[in-house]
Protein chains: 2
Amino acid sequence: MMDADVPRTPARRRRDAAATRQAILDAAVAAFTRHGYDGVGVREIAQSAGVTAMLINRYFGSKEQLFAEAVDVAFAPRTVIAGTGDALAGETARALAARTAPEADELGPFLLMLRSAANPSAAEIMRDAIARHAGRHLGEELSGDAAGVRAELMLALQAGVWLLRSVLATTALRDAPQEELAAHMEPLFRRLTDPQ
Amino acid sequence: MMDADVPRTPARRRRDAAATRQAILDAAVAAFTRHGYDGVGVREIAQSAGVTAMLINRYFGSKEQLFAEAVDVAFAPRTVIAGTGDALAGETARALAARTAPEADELGPFLLMLRSAANPSAAEIMRDAIARHAGRHLGEELSGDAAGVRAELMLALQAGVWLLRSVLATTALRDAPQEELAAHMEPLFRRLTDPQ
DNA sequence: CCATCATGTCTACGAGTGTAGACTCAAACA
DNA sequence: TGTTTGAGTCTACACTCGTAGACATGATGG
């Protein structure tokens with residue numbers, strides 16, 4: 001609490017390359033998640049990071065390479081599944097219901113994925129990121145026949161719920177109570193985690 | 001068999017307003033499905049319809065209103081479910097596996113939905129279309145508790161599979177044989193059609 | 001045959017895009 | 001203290017976008 005500086009915008013750094021790079025990256029993750037790859041310009045990202053647009057090119061080479069790093073950040077630490085073992089299906093269903101609630105307004109890899117899917121270059125970048133992070137991690141958690149297919153079906157179901165409930169806000173899913181919705185989704189996830 | 005989907009010389013209409021309007025609408029459905037709302041410009045749509053960009057504004061008022069009509073066309077006649085009654089789950093799973101196959105390169109409402117979801121105006125238009133067509137039709141087919149939620153979960157699952165398998169082309173889903181994939185998805189749909 | 005009006009085209013504008021190049025300025029090292 | 005280096009900014013270019021307004025054209029009714 002020693003910093004008495006009132007940060008009017010993003011905390012006026014004094015020439016710290018690493019911090020500036022990180023600020024741009026953070027702003028990019030938020031912006032791409034909210035508006036998609038094509039929906040946001042480099043000027044907008046730079047402004048919310050407190051710098052000029054050209055610094056993006058200096059630090060990341062291009063908008064596309066910035067997007068690639070942002071995707072890596074969004075997919076890497078985030079948990080795309082919740083819980084382990086027997087609790088996996090239930091936890092995933094409950095977490096999904098909570099995070100897609102209309103009042104949640106959360107960010108996360110699924111929104112980034114959905115809102116940037118239209119651009120072919122962005123799609124390719126995200127496919128690689130999924131293979132590198134989420135898909136692999138989830139594939140290890142599952143076991144048995146066709147673990148990869150079942151893992152990606154879990155991702156697909158989650159992505160679809162994010163799309164209808166959070167992005168499009170269709171009536172039935174938007175108005176469904178969290179517990180009830182989770183109760184409907186839980187057996188679906190269980191079918192994928194425990195394929196009898 | 002008619003001509004290819006991209007008419008090289010758009011058959012030189014001689015001043016037929018209705019036919020021109022229809023040609024623009026057809027081109028719009030194809031273009032929006034392939035590239036999304038933000039991914040295609042009115043000049044491109046007009047050219048593949050064999051007219052000038054300004055005719056779009058004359059006949060539809062704006063790009064956004066053209067999109068609204070295109071969404072209606074894409075969602076209305078298309079079947080978002082396959083089969084009825086007991087066969088619904090199995091037919092839907094098999095049709096989904098077939099239409100999302102890498103070599104299929106089909107169009108359809110789900111691709112249009114996914115690729116235009118990033119734009120807020122487009123999202124609102126599509127939410128209304130879903131409520132008007134797919135959601136309602138599917139809700140009638142289902143019965144029992146929370147039919148609306150289960151219907152939209154069916155849509156969500158399908159949308160997610162379209163996203164991962166067809167748009168992103170993730171490895172496991174891309175390489176899975178149709179029958180095997182359908183076998184994995186069928187019990188999921190059955191859980192939603194017959195909630196025991 | 002000619003006037004008419006819907007049908008379609010042309011030019012242009014204002015705004016927004018990503019990014020290249022030249023610039024300024026602060027900090028670190030001699 | 002003077003010099004070098006890198007952090008950050010400014011201006012500008014070469015596009016693309018949606019669309020507004022003026023203009024051309026061809027089929028049709030008299």
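If you're wondering where the values come from, they're calculated on a predicted model, not measured in any experiment. We name chains A, B, ... by the order of the sequence lines, and we start the count at 1 in each one.
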Quick one: which protein N/O atoms are closer than 3.5 Å to N/O atoms of nucleotides 3-7 of chain D? Pair and distance per line, please.
unit_1, atom_1, unit_2, atom_2, d
D:dG6, N2, A:R15, NH1, 3.0
D:dA7, O4', A:R15, NH1, 3.4
D:dA7, N3, A:R15, NH1, 3.2
D:dA7, N3, A:R15, NH2, 3.4

Kindly indicate whether the side chain of A:R132, heavy atoms from C-beta on, has any atom under 4.5 Å from the side chain of A:D72. yes
Using atom CE of A:M54 as one end and atom P of C:dA20 as the other, report the distance to the nearest whole Å. 7 Å
Would you check if A:L168 and B:M113 make a side-chain contact, meaning some heavy-atom pair closer than 4.5 Å? yes
Side chains of A:L107 and A:R34 in contact at under 4.5 Å (non-hydrogen atoms): yes
Checking A:R115 side chain against A:T33 main chain: does a donor-acceptor pair fall under 3.5 Å? yes
Could you check how far NE2 of B:H35 sits from P of D:dT16, rounded to whole Å? 16 Å
Between C:dG18 (P) and A:F67 (CZ): distance, integer Å: 13 Å
Backbone N/O of B:P102 and side chain of B:R174: donor-acceptor pair under 3.5 Å: no
Tell me if a side-chain donor or acceptor on A:S116 pairs with a main-chain N or O of A:Y37 at a distance below 3.5 Å. yes
Could you tell me if the side chain of B:F110 sits less than 4.5 Å from the side chain of B:V161, heavy atoms only? no
Whole-Å distance separating the CG atom of B:N57 from the C1' atom of C:dT9: 14 Å
Please give, in whole Å, the distance from D:dT16 P to B:Q47 CD? 13 Å
note: A:I56, atom CD1; C:dG18, atom P; distance rounded to Å ~ 9 Å
Can you name the atoms? Protein N/O to nucleotides 14-17 of chain C N/O, anything below 3.5 Å, with the distance.
none

Please check if the side chain of B:R21 supplies one atom and the backbone of B:Y59 the other of a donor-acceptor pair under 3.5 Å. yes
Residue among B:T171, B:L173, B:T170 satisfying side chain to side chain contact (heavy atoms under 4.5 Å, CB included) with A:V149: B:L173
Whole-Å gap separating P (D:dG18) and CG (B:N119): 11 Å
Please check if the number of heavy atoms outside A:D194 that lie under 6.0 Å from its CG is greater than 12. yes
How does DNA chain D read in dot-bracket, base by base from 5' to 3', with Watson-Crick or G-U pairs under 3.5 Å and | used when the partner is on another strand? .|||||||||||||||||||||||||||||
Verify, without hydrogens or angle tests, whether A:R190 (side chain) and A:A89 (backbone) share a donor-acceptor contact under 3.5 angstrom. no
